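Report on the structure given below.
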2 protein chains.
Amino acid sequence: MFSDSPADMASHEERVKSALVSMPSYEEISTLAARFKAISEPSRLKILLALSCGELCVEHITQAVGGNQSAVSHQLKTLKDNKIVKARRNGKQVMYSVSDEHIMTMISVAKEHLNCDE
Amino acid sequence: MFSDSPADMASHEERVKSALVSMPSYEEISTLAARFKAISEPSRLKILLALSCGELCVEHITQAVGGNQSAVSHQLKTLKDNKIVKARRNGKQVMYSVSDEHIMTMISVAKEHLNCDE
DNA sequence: ATATCTTATGAATTGTTATTCATATGATAA
DNA sequence: TTATCATATGAATAACAATTCATAAGATAT
């Protein structure tokens, strides 16, 4: 007999209940997931990493990540729609930057997590 | 004339350079992206949110997120392969839990980011 | 050993998403 | 206005990933 005692099983049920009551709404989960998805493609993550060094225009982002203008523009749109980056126009150019400190924190925490293993 | 001065353009070039030199390797970017991808599907994110309340066995996870056992098992594999969750066997059951504090931090920062807008 | 409970996996189908190409839009300068 | 530079977008194809179903494997009890 190696499994949990009846008392432990009861606490498991409690945890199922607390997981159920504290579960965010369908909408919140969808939005969160979409935002993680936005930074889950290497091409877009690379853009985000480039922008974590400072504001850049589309052409410079394209240089920094390597690729073509159209692809980068599509990728930036995804990042912007998901509030990962923000944009401001400056003459003919559009300058992109990381949306806020939360995103910066996520990047650095993710990098730390990377160092923990391997 | 509304665009940046020549001096500003020079600093832009500097930022391209610093983005290029500080850019993580292809492998690091791939790993990071894969980890974000693991938590970027609503079904898997939901599992992670459930586990953020405490360790659960597969059956209870299945109850907490709604779905079928096979799907949940596949989803758990993806999460585990990407070090988002960890597993330990307890008799017939396998108990899953959030891999470490980095992941917990990421979840809470992402939730905060959600509160900032909308 | 056999039965039962719990979890994991392979293969196929279905559904999604990324990238490309061509072109459109926005901004400035001449 | 027209030309040019910078960025964005629509549509299509091509690459990828999620879910399902059937079944296998691991663990314990009888």
Side-chain angles (χ1 to χ4, degrees), chain A residues 1-6 8-9 12 16 29-30 33-48 51 55-82 85-97, chain B residues 1-6 8-9 12 16 29-30 33-48 51 55-82 85-97:
Chain A
M1 218 292 205
F2 290 104
S3 50
D4 284 356
S5 68
D8 287 333
M9 285 308 290
H12 289 183
V16 175
I29 292 175
S30 302
R35 290 182 183 184
F36 280 119
K37 182 162 293 175
I39 54 182
S40 77
E41 212 59 28
S43 48
R44 288 191 299 257
L45 178 57
K46 207 169 174 184
I47 289 176
L48 184 57
L51 291 179
E55 189 182 46
L56 290 172
C57 70
V58 177
E59 196 188 340
H60 287 161
I61 294 169
T62 305
Q63 285 174 28
V65 305
N68 70 64
Q69 182 271 319
S70 176
V72 169
S73 225
H74 278 293
Q75 290 153 2
L76 284 167
K77 177 167 169 45
T78 300
L79 289 170
K80 188 156 79 83
D81 288 349
N82 286 285
V85 305
K86 61 188 179 203
R88 72 177 176 91
R89 193 171 262 282
N90 181 23
K92 289 189 218 169
Q93 305 179 43
V94 177
M95 307 297 296
Y96 281 85
S97 57
Chain B
M1 219 289 207
F2 290 104
S3 51
D4 283 357
S5 68
D8 288 334
M9 285 309 290
H12 289 182
V16 175
I29 292 175
S30 302
R35 290 182 185 184
F36 280 117
K37 182 163 293 175
I39 54 181
S40 77
E41 212 60 25
S43 47
R44 290 192 298 258
L45 178 58
K46 207 170 173 182
I47 290 176
L48 184 57
L51 291 179
E55 189 182 46
L56 290 172
C57 72
V58 177
E59 196 188 341
H60 287 163
I61 294 169
T62 305
Q63 285 174 29
V65 305
N68 71 64
Q69 182 271 318
S70 177
V72 169
S73 225
H74 278 291
Q75 290 154 1
L76 284 167
K77 178 168 169 43
T78 300
L79 289 170
K80 188 156 80 83
D81 288 349
N82 286 285
V85 305
K86 60 189 179 203
R88 71 178 176 92
R89 193 171 263 285
N90 180 24
K92 289 187 219 173
Q93 306 180 46
V94 177
M95 308 297 297
Y96 281 86
S97 56

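In what follows, every heavy atom counts, from backbone to side chain, and hydrogens, waters and symmetry copies are set aside. Just so it is clear, the model here is predicted, and its values are computed rather than measured.
Atom pair L79(A):CG and dA18(C):C1' shows a separation of 13 Å (rounding to whole Å applied). Between Q75(B) atom CD and dT20(D) atom P the separation is 9 Å, expressed in whole Å. Rounded to an integer number of Å, the gap from I47(B) CD1 to dT7(C) P is 13 Å. Nucleotide dT19(D) holds its C1' atom 14 Å from the CG atom of L76(B), rounded to whole Å. Across the protein-nucleic acid pair, E59(A) atom CD and dA27(C) atom C1' stand 15 Å apart, rounded to whole Å. Across the protein-nucleic acid pair, M95(A) atom CE and dG26(C) atom P stand 21 Å apart, rounded to whole Å. Here dA17(D) presents its P atom at 11 Å from NZ of K37(A), a figure rounded to the nearest Å. For H74(A) and dA11(D), the NE2 to C1' distance is 10 Å, given to the nearest whole Å.
Side-chain proximity of Q69(A) to dC5(C), dT7(D), dT19(D): nearest is dT7(D). Checking dC5(C), dA6(D), dA8(C) against the side-chain heavy atoms of K92(A) singles out dA6(D) as nearest. In the set dG26(C), dC5(C), dT20(D), dG26(C) carries the atom at the smallest distance from any side-chain atom of R89(A). Of the candidate nucleotides dC21(C), dA8(C), dT7(D), dA8(C) has the atom nearest to the side chain of V58(B). Residue Q93(B) places its side chain closer to dT6(C) than to any other of dT6(C), dT20(D), dG26(C).
Nearer the 5' end of DNA chain C, as judged by each residue's closest nucleotide, is the contact made by A71(B), out of A71(A) and A71(B).
The side chain of Y96(A) places no N or O atom within less than 4.0 Å of a non-bridging phosphate oxygen (OP1 or OP2) of dA6(D). Taking only side-chain nitrogens and oxygens, N68(A) never comes nearer than 4.0 Å to OP1 or OP2 of dT19(C).
Although no hydrogens or angles enter the test, the distance criterion places a donor-acceptor pair under 3.5 Å between the side chain of S40(A) and the main chain of K37(A). Proximity of a side-chain donor or acceptor of R44(B) to a complementary backbone N or O of A33(A) within less than 3.5 Å is not detected.
Judged by distance alone with a 3.5 Å cut-off, no donor-acceptor contact links the side chain of S73(B) to the base of dT9(C). Between the base of dA17(D) and the side chain of E41(B) there is no donor-acceptor pair shorter than 3.5 Å.
Applying the side chain to side chain contact (heavy atoms under 4.5 Å, CB included) test between V85(A) and each of I39(A), L79(A), I47(A) identifies L79(A) as the sole match.
The pair K46(A)-E41(A) does not meet the salt-bridge criterion, since no charged nitrogen lies less than 4.0 angstrom from a carboxylate oxygen.
Counting non-hydrogen atoms under 4.0 angstrom, S43(A) reaches the backbone sugars and phosphates but no base.
Rounded to the nearest 0.5 Å, atoms CG (L48(B)) and CD (Q75(B)) are 12.0 Å apart.
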